[in-house]
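For reference, positions follow the sequence shown, starting with 1.
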Amino acid sequence: VIWNSIMEPTGNMFESLGRVNLETCLKNYVALLIDSFPAIHGISVLLLGHDENTLICKGISLPGSMKNIEESFLGFSFGKIHDKKVFSKVFRDKQAVIVNKDRSILLPEKLDHSEACANNWNALQILSIPLLNNDSCFGIINVFSQTGEVKPADLIKDSVTANQEWIYDLYQFDLLSEKSREIEFNFKENSEFKQRSLRISEITTTDEFLETVMTEFLDWLEFDLVTVFYCDLNTLIPRAYKVKTPDLQERAIQWITKIKRMPYTMKLKSGAIPAALIRKSHFYVEDIRSVMNLEMSEKDKMTGQALGMPYSGIYVPLYSDNTPLGVLVLFSLSKPVKLSPQQINAINSMATFVSNSIMNAKAFDQLSINQLEAENKLKEQEQMTLEKIEANTRMAVVGDADTSDMVAKVSHELRTPIHGILGMTNLLLQTPMTSKQNQFLKQIRQSGTSLERLVNDLLDKAKIEAGKLNLESIPFSW
């Protein structure tokens, strides 16, 4: 009965496998479970992705006003299995796990996704059931109740066990189809991706790089506003933004101004932007206006009001290795934008490339700063050296002047006694004396004359340095 109810909208799977859609069948199946068991208020079906380590939402049904956000969860990646305590336990033990909102039954530690769902979906209890194929777990079905226990738990688990075979067959077919679509999409997008990457990689400085990246995203996709948030200690600060048309500038400035005044903190409850970075996964909302009445952070509400209720948005984390850099945020302010899984994968790939390029641009900026600091330091040293040389020169000039004055004075003082010695020697030579005495006096006169000549030279040098040398006119003959 369950199989017929599920397959009725899509036809017989074995007659026309190509028309069978996994998400449609799962949608019918979870609707049937909810109709069959009144205690069930919501269901999510998470299946392994291509890497066999990441859980992707492939089916979901939420109660009441939360139905507006169902589309946002389809295709959403819930991260690595080993990062989620409940999920890893289900995969490891291959047994169902029950989690109460107050965590009284199981796993007293933090419950990651299950606890978040319990809070966000107002669930009092969540039943996580493994999907098995030949003792190998390929997914999880989460069933929750908003009023009390998920019951009858055993019948619900039996229903999942009875239907997991066709879920697995469609899951395998969906993986192949998705891979085929991805190859076709990548083949078409590959050349454009290379061109975009080349244009971006040619830029070195951060400001020019961000401007080029935002332009590429606006030209590539149908969004109107792109913003790059940077991690700054414990907050996320808008580093740059760009709008597609000038008429949206005022709305963007109003939003950016408010965010700078009250930035996002690095907490899940702060809003969708930090949540994407903390969970290391993109978050895409096709119809933001339909979820504005749901419970959300004050900053997310402020974002919606400041931007005049955007239609669609996607938040993509920017990581380089395990280093969080920021978040790339795209909003559509004029119309809803529906992204295919292939487009979302392409955006994530581009975000990875952008993250690495941001690190390179930051390194180049730092190199430029270091180079500028080195140049400024060199200029300062050159200026100091020049000033020191000028000061030494001035001191030397003053010192030379002092030396010249001293030499002039000393030379003048020396000439007087030398003249006396030479005069007395000449007088003494005119008196009677022995030949030996005469020889000694002539030697004294010769030495005195040499000394006088030396003193005169020193005096002339001092006059030259002082600029006081007077040329003498002395007659001479050949």
Would you mind reporting whether [Y] and [X] have side-chain heavy atoms less than 4.5 Å apart?
X    : Y    : value
K94  : V90  : no
I256 : I259 : no
C137 : L132 : yes

For the residue pair [Y] / [X], report whether a side-chain donor-acceptor contact shorter than 3.5 Å exists.
X    : Y    : answer
Q343 : Y284 : no
D321 : T323 : no
T265 : N234 : no

Please walk me through it: do I40 and I156 pass side-chain contact (heavy atoms from CB on, under 4.5 Å)? CA-CA 10 Å; I40 298 178; I156 296 171; 3.5 Å; yes
Which label fits Y264 and F229: parallel for a plane angle under 30°, tilted from 30 to 60°, or perpendicular past 60°? perpendicular
Run the ring-centre check on Y171 versus F138 and record whether the distance is less than 6.0 Å. yes
I want to know whether F331 and W255 have ring centres closer than 6.0 Å. yes
Going by the side chain to side chain contact (heavy atoms under 4.5 Å, CB included) test, name the single residue among I253, V228, V226 that passes it with Y241. I253
Rounded at 0.5 Å granularity, tell me how far CG in L330 sits from CG in L218. 7.5 Å
Say you draw a straight line from CD of Q254 to CG of L307; how long is it, rounded to the nearest 0.5 Å? 8.0 Å
Just checking K151: does its NZ atom have more than 12 heavy atoms from other residues, nucleotides or ligands closer to it than 6.0 angstrom? no
More than 12 heavy atoms of other residues, nucleotides or ligands under 6.0 Å from CD of Q172: yes or no? yes
Residues N142, I129; criterion side-chain contact (heavy atoms from CB on, under 4.5 Å); working and verdict: CA-CA 6 Å; N142 295 299; I129 308 168; over 6 Å; no
Looking at Y311, is R289 sitting on its ring face, NZ or CZ under 6.0 Å from the six-membered ring centre and within 45 degrees of the normal? yes
